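Here the structure is laid out as structure tokens; the discussion comes afterwards.
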Amino acid sequence: MGLKGFVEGGIASIVAGASTHPLDLIKVRMQLQGESHLPNPSLQLYRPALAVNSAAVGNVSISQPRVGPISIGVRIIQSEGVAALFSGVSATMLRQTLYSTTRMGLYEIIKNKWTDKETGNLPLTSKILAGLIAGGVGAAVGNPADVAMVRMQADGRLPIDQRRNYKSVIDALSQMTKQEGVGSLWRGSALTVNRAMIVTASQLATYDQVKETILEKGVMGDGIGTHVTASFAAGFVAAVASNPIDVIKTRVMNMKVAPGAEPPYSGALDCALKTVRAEGPMALYKGFIPTISRQGPFTVVLFVTLEQVRKLLKDF
């Protein structure tokens, strides 16, 4: 039963991750905009949250109009090609294989162990705690793929001579190890673990709770309508709870640290403070529209696929 939960969760997670990858890429690009340590402000395509309307480069004032995720997607296609929307998809696949498979399987094991055998009930607090534990362990396992994914998704926004140009997730992990040491594979791991704990606890616990409530109240049967409704609720809660940590995680993982030079951020707290001071508090919700736009479909695909996989494997 334990292994079955990992297999079911892994298949569903990989399908969901691959199908919503372009939205995740757009979210990452939006979260990185406005960083003050970039070499040339004119290279930033998108306007920082609550920042000035223009950036002065020499004697020329360059306007930075406000754009949304659709406009960002169009610009990525125009400047980098359609294939750029799937930059880092190999890292996404590996991340889902490591992180999501672990958290989904572990959550099911803990939930089944803690569920009252007589009544079949599990309190919401226990579901949340199970999600926190499962998410933390999964994030620790999947952090190297997470770092590679962020870097590959963000590469296209850099000047050509500064791009990392990783060929695949394996090449990314190999270059990071050679150039920056093994420790770089776990850069931002504390943030990854914290985010994963929040996402898993809010997403899985909300899904189970909403699904159980719908079935208990007799609003709908145990079908696609219930699964989609519970999935949207879970996606929204997870997006609201995790976005600030996700912004900081993205920036810490993506930062370049030259040999002998001081890193742009000394840690998560330093990154958060610098981001808020330079761009305003709402900068912590940068990329929220693509986050919720991705989290909704991702969660729906995840749980709908999971329910179907469970039906297919129910006899195993």
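Computed over heavy atoms, backbone and side chain alike; hydrogens, waters and symmetry mates excluded. Everything numeric here is computed off the predicted structure, so don't read it as measured data.
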Fill in the blank from the handout: For Leu32 and Ala154, the nearest pair of non-hydrogen atoms, with its separation, is CD1-CB, 3.3 Å
Practice task
Evaluate the side-chain proximity of Thr192 to Tyr99: yes if any heavy-atom separation is below 4.5 Å, no if none is.
Solution key: no
Completion exercise
Nearest heavy-atom approach of Pro264 to Lys274 is O-NZ, 2.7 Å
Problem - From OG (Ser126) to NZ (Lys113), nearest 0.5 Å - result: 13.5 Å
Exercise for the section: Under the side-chain hydrogen bond (donor to acceptor under 3.5 Å, both in side chains) rule, collect the residues that match up with Gln96, sequence neighbours excluded. Expected result: Ser100
Completion exercise
Sorted by chain and residue number, the ring-ring contact (aromatic ring centres under 6.0 Å, His included) partners of Tyr285 (sequence neighbours excluded) come out as Phe288
Exercise for the section: With sequence neighbours left out, write down each residue that passes side-chain contact (heavy atoms from CB on, under 4.5 Å) with Ile245, or none if nothing qualifies. Expected result: Leu191, Asn194, Arg195, Ile198
Exercise for the section: Can you see which heavy atom on Ala239 is nearest to which on Ile292, and at what distance? Expected result: CB-CD1, 3.6 Å
Could you pull out all donor-acceptor pairs under 3.5 Å where a side-chain atom in residues 6-21 meets a protein atom, sequence neighbours excluded?
from	atom 1	to	atom 2	distance (Å)
Ser13	OG	Gly9	O	2.7
Ser19	OG	Val15	O	3.0
Ser19	OG	Ala16	O	3.1
Thr20	OG1	Ala16	O	2.8
His21	ND1	Thr92	OG1	2.8
His21	NE2	Ser87	O	2.7

Exercise for the section: Please list all pairs passing the ring-ring contact (aromatic ring centres under 6.0 Å, His included) test where one or both residues lie in residues 212-257, with sequence neighbours left out. Expected result: none
Handout entry: Leu302 and Gln203, any side-chain heavy atoms less than 4.5 Å apart
Key = yes
Handout entry: Other cluster members, Leu273 - Ile/Leu/Val/Met/Phe/Trp/Tyr, side-chain contacts below 4.5 Å
Key = Leu269
Handout entry: Any Lys111 side-chain heavy atom under 4.5 Å of Asp208 side chain
Key = yes
Handout entry: Non-hydrogen side-chain atoms of Leu129 and Thr125 separated by less than 4.5 Å
Key = no
Practice task
To the nearest 0.5 Å, tell me how far Ile26 CD1 sits from Leu85 CG.
Solution key: 6.0 Å
Fill in the blank from the handout: Residues at least two apart in sequence or cross-chain that pass ring-ring contact (aromatic ring centres under 6.0 Å, His included) with Phe303, listed by chain then number, are Tyr207
Practice task
Taking only Lys NZ, Arg NE, NH1 and NH2, and the carboxylate oxygens of Asp or Glu, determine whether Glu180 and Arg164 approach each other closer than 4.0 Å.
Solution key: no
Exercise for the section: Decide yes or no for Ile160 and Arg163: does some side-chain heavy atom of the first lie under 4.5 Å from some side-chain heavy atom of the second? Expected result: yes
Practice task
Give a yes or no answer on whether the side chain of Thr206 reaches the backbone of Ser202 with a donor-acceptor pair at less than 3.5 Å.
Solution key: yes
Completion exercise
To the nearest 0.5 Å, atom OG1 of Thr275 lies from atom CD1 of Ile248 at 4.5 Å
Practice task
Apply salt bridge (Lys or Arg N to Asp or Glu O under 4.0 Å) to Asp155 and list each qualifying residue two or more places apart in sequence or on a separate chain.
Solution key: none
Completion exercise
Rounded to the nearest 0.5 Å, the CD atom of Gln78 sits from the OG atom of Ser71 at a distance of 9.5 Å
Exercise for the section: Indicate if Val147 and Val150 have the same hydrophobic cluster label, given that clusters are the connected sets of ILVMFWY residues with side-chain heavy-atom separations under 4.5 angstrom. Expected result: yes
Practice task
Write down the atom of Leu106, the atom of Ala134, and the distance for their closest heavy-atom approach.
Solution key: CD2-CA, 3.8 Å
Exercise for the section: Under 4.5 Å between side-chain heavy atoms, chaining through other members, with only Ile, Leu, Val, Met, Phe, Trp and Tyr counted: pull out the rest of the cluster around Val210, sorted by chain and number. Expected result: Ile214, Val219, Met220
Exercise for the section: Output every pair passing side chain to side chain donor-acceptor pair (under 3.5 Å) with a member in residues 211-221, not counting sequence neighbours, ordered by first then second residue. Expected result: Lys127-Glu212, Lys211-Glu307
Exercise for the section: Decide whether Leu306 and Ile224 are clustered together by the hydrophobic rule: side chain heavy atoms of Ile, Leu, Val, Met, Phe, Trp, Tyr closer than 4.5 Å, transitively. Expected result: no
Exercise for the section: Please name the pair of heavy atoms, one in Gly221 and one in Leu215, separated by the smallest distance, quoted to 0.1 Å. Expected result: C-CD2, 3.6 Å
Handout entry: Residue pairs involving residues 127-181 (criterion ring-ring contact (aromatic ring centres under 6.0 Å, His included); sequence neighbours excluded)
Key = none
Practice task
Indicate, with yes or no, if Ile77 and Phe86 share a hydrophobic cluster defined by side-chain heavy-atom contacts under 4.5 Å among Ile, Leu, Val, Met, Phe, Trp and Tyr.
Solution key: yes
Handout entry: Heavy-atom side-chain contact between Leu204 and Met104 under 4.5 Å
Key = yes
Handout entry: Sub-4.5 Å side-chain heavy-atom contact between Lys27 and Gln153
Key = no
Completion exercise
Ala148 meets the side-chain contact (heavy atoms from CB on, under 4.5 Å) criterion, sequence neighbours left out, with Ala91, Val169, Ala172, Leu173
Problem - Gln175 and Lys178, any side-chain heavy atoms less than 4.5 Å apart - result: no
Problem - Verify same cluster id: Met152, Leu94 (apolar side-chain graph, 4.5 Å) - result: yes
Problem - Sole residue of Arg187, Arg151, Arg95 in salt bridge (charged side-chain N to carboxylate O under 4.0 Å, His left out) with Asp146 - result: Arg95
